[in-house]
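Please read these numbers as outputs of a predicted model, since none were measured by experiment. No hydrogens, no waters, no symmetry mates; every other heavy atom, side chains included, goes into these values.
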Amino acid sequence: MSTAESITPTTPRPVGRTVFTQGWRDVTFLHWAVDPALVGPLLPAGTRPDELDGATYVGLIPFRMRRIGLLGAPGLPYLGSFAETNVRLYSVDAQGRRGVVFRSLEADRLLPVLAARWVAHLPYLWSRMRITRDGDQLSYRATRRWPGPRGAGGSIAVRVGAPLPDPGPLPRFLTSRWGLHQTALGRLAYWPNEHPEWPLHAAELLDLEDDLVAAAGLPTVGGAPDSVLFSPGVDVRFGPRLR
């Protein structure tokens with residue numbers, strides 16, 4: 001078994017050529033600690049659960065996607081900007097590269113959903129979504145439209161707290177992720193990204209009603225999350241997908 005690469009606040013592997021860009025804004029991170037054996041069967045062949053102190057994590061992460069751009073061109077203001085919520089797991093491959101594995105990605109723009117499913121082979125789903133902010137409180141709502149199960153979704157409300165100048169090992173483990181693992185055309189692929197260090201804040205969970213985690217194949221995960229974080233966001237570059 002290979003040793004996982006170090007957890008670093010910025011990427012240890014610059015991506016080089018830009019394939020596409022994104023902005024991630026008003027990001028809330030909810031995480032549950034779970035037994036690695038629970039998520040192992042849900043990861044792509046060639047990866048294993050990434051662990052911290054014997055646990056791995058399931059993440060539920062709502063945010064605003066801002067201006068997706070291709071090949072360094074300016075981002076699209078309408079089609080490239082939408083609300084999104086993803087359910088993700090944490091992985092490491094035989095080369096020691098840490099990453100995420102997306103179990104589902106809800107978005108409220110149909111054309112980007114279709115493009116991501118058919119071109120990038122990512123499990124995007126079309127949902128009715130809304131994000132509102134009132135001072136230091138944010139609310140996120142999602143209701144799945146297509147494909148099923150129709151109506152899956154829920155609501156999240158958080159109060160943003162103080163900045164975390166030294167976030168500590170767990171927030172770094174959960175957010176310092178420099179690529180995604182996926183199975184593409186029957187083979188393991190790794191899609192690297194880079195961005196500035198996350199500006200992280202403490203956050204208080206005010207409300208949670210969710211069945212997206214269960215719909216993503218994790219029906220036993222629930223209750224109060226073990227970690228709640230917030231970030232105003234970062235701008236991101238993705239490089240070419242590696243096989």
Side-chain angles (χ1 to χ4, degrees), residues 7-11 14-15 18-31 57 59-70 72-88 90 98-100 102 104-109 112-113 116 120 122 124 127 129-142 155-168 170-180 191-206 208 212 225 227-239:
I7 297 171
T8 54
T10 56
T11 181
V15 301
T18 299
V19 174
F20 61 96
T21 55
Q22 302 177 350
W24 299 336
R25 299 289 185 270
D26 289 338
V27 188
T28 288
F29 300 90
L30 305 183
H31 284 94
Y57 286 80
L60 176 66
I61 297 145
F63 66 100
R64 302 180 195 271
M65 180 74 79
R66 181 179 181 273
R67 289 181 174 266
I68 295 176
L70 300 176
L76 301 172
Y78 177 75
L79 286 178
S81 300
F82 46 85
E84 179 172 323
T85 299
N86 63 63
V87 176
R88 73 188 198 185
Y90 294 87
R98 299 180 188 267
V100 301
F102 291 112
S104 63
L105 304 103
E106 316 287 324
D108 70 350
R109 288 276 187 274
V113 166
L122 291 171
Y124 266 89
S127 293
M129 306 185 73
R130 184 182 181 190
I131 301 175
T132 57
R133 182 161 191 167
D134 182 6
D136 62 356
Q137 295 188 30
L138 285 98
S139 297
Y140 309 83
R141 295 184 180 275
S155 62
I156 299 168
V158 297
R159 178 181 290 114
V160 179
L164 298 174
D166 183 11
L170 179 57
R172 293 286 191 211
F173 175 86
L174 298 172
T175 61
S176 296
R177 296 281 146 176
W178 308 112
L180 69 92
W191 213 330
N193 69 67
E194 66 178 34
H195 56 72
E197 181 176 354
W198 279 104
L200 294 174
H201 291 242
E204 176 189 0
L205 182 63
L206 303 177
L208 174 61
L212 294 178
S227 173
V228 182
L229 298 166
F230 174 81
S231 177
V234 292
D235 290 322
V236 188
R237 293 196 311 123
F238 283 79

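Under a 3.5 Å cut-off, the side chain of W24 and the backbone N or O of S231 do not form any donor-acceptor pair. Side chain of E194 to backbone of V15: a donor-acceptor contact under 3.5 angstrom is found. A donor-acceptor contact shorter than 3.5 Å links the side chain of H201 to the backbone of G161. Panel note: side chain T18, backbone F20; no donor-acceptor pair is recorded below 3.5 Å. Of the possible donor and acceptor atoms, one in the side chain of W198 sits under 3.5 Å from a partner among the backbone N and O of T175.
Residues L229 and P171 come closest through the heavy atom pair CD1-CB, 3.8 Å. The shortest non-hydrogen separation linking A157 to L205 is O-CD1, 3.6 Å. Between P196 and V234, the shortest heavy-atom distance links the atoms O-CG1, 3.9 Å. Closest heavy-atom contact between Y124 and A116: CD1-CB, 3.3 Å. Across all their heavy atoms, L164 and A202 have their closest contact at CG-N, 3.6 Å. Nearest heavy-atom pair across R67 and S81 is N-OG, 2.9 Å.
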**OP:** Let me see the working for Y57 and R88 under side-chain contact (heavy atoms from CB on, under 4.5 Å), right down to the final yes or no.
**Re:** CA-CA 9 Å; Y57 286 80; R88 73 188 198 185; over 6 Å; no
**OP:** List the steps, then state whether side-chain contact (heavy atoms from CB on, under 4.5 Å) holds for V100 with N86.
**Re:** CA-CA 11 Å; V100 301; N86 63 63; over 6 Å; no
Original post:
T11 and N193: side-chain contact (heavy atoms from CB on, under 4.5 Å), yes or no, with the steps?
Top reply: CA-CA 8 Å; T11 181; N193 69 67; over 6 Å; no
Original post:
Can D235 and T21 be said to form a side-chain contact (heavy atoms from CB on, under 4.5 Å), step by step?
Top reply: CA-CA 8 Å; D235 290 322; T21 55; over 6 Å; no
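Taking the six-membered ring for Trp and the full ring otherwise, the centers of H31 and Y90 sit less than 6.0 Å from each other. For F102 and W191, the ring centers sit 6.0 Å or farther from each other.
Shown here is R133, whose CZ atom has more than 12 heavy atoms of other residues, nucleotides or ligands within 6.0 Å. Heavy atoms of other residues, nucleotides or ligands lying less than 6.0 angstrom from CZ of R141 number 12 at most.
Between R172 and E197, at least one side-chain nitrogen of the basic residue sits less than 4.0 Å from a carboxylate oxygen of the acidic one, meeting the salt-bridge criterion. Between D134 and R159 there is no salt bridge, since no side-chain N of the basic residue sits under 4.0 Å from a carboxylate O of the acidic one.
Note that CE of M65 is 13.5 Å distant from CG of D26, once rounded to the nearest 0.5 Å. Atom OG1 of T8 and atom CH2 of W178 lie 6.5 Å apart (nearest 0.5 Å). Interatomic distance, CG of L212 versus CD of E106, reported as 4.5 Å (0.5 Å rounding). Here the OG-CG distance, from S227 to L170, works out to 5.0 Å after rounding to the nearest 0.5 Å.
Side chains of Y140 and T28: a donor on one and an acceptor on the other come within 3.5 Å.
Residues forming a salt bridge (charged side-chain N to carboxylate O under 4.0 Å, His left out) with D108 (at least two apart in sequence, or on another chain): none.
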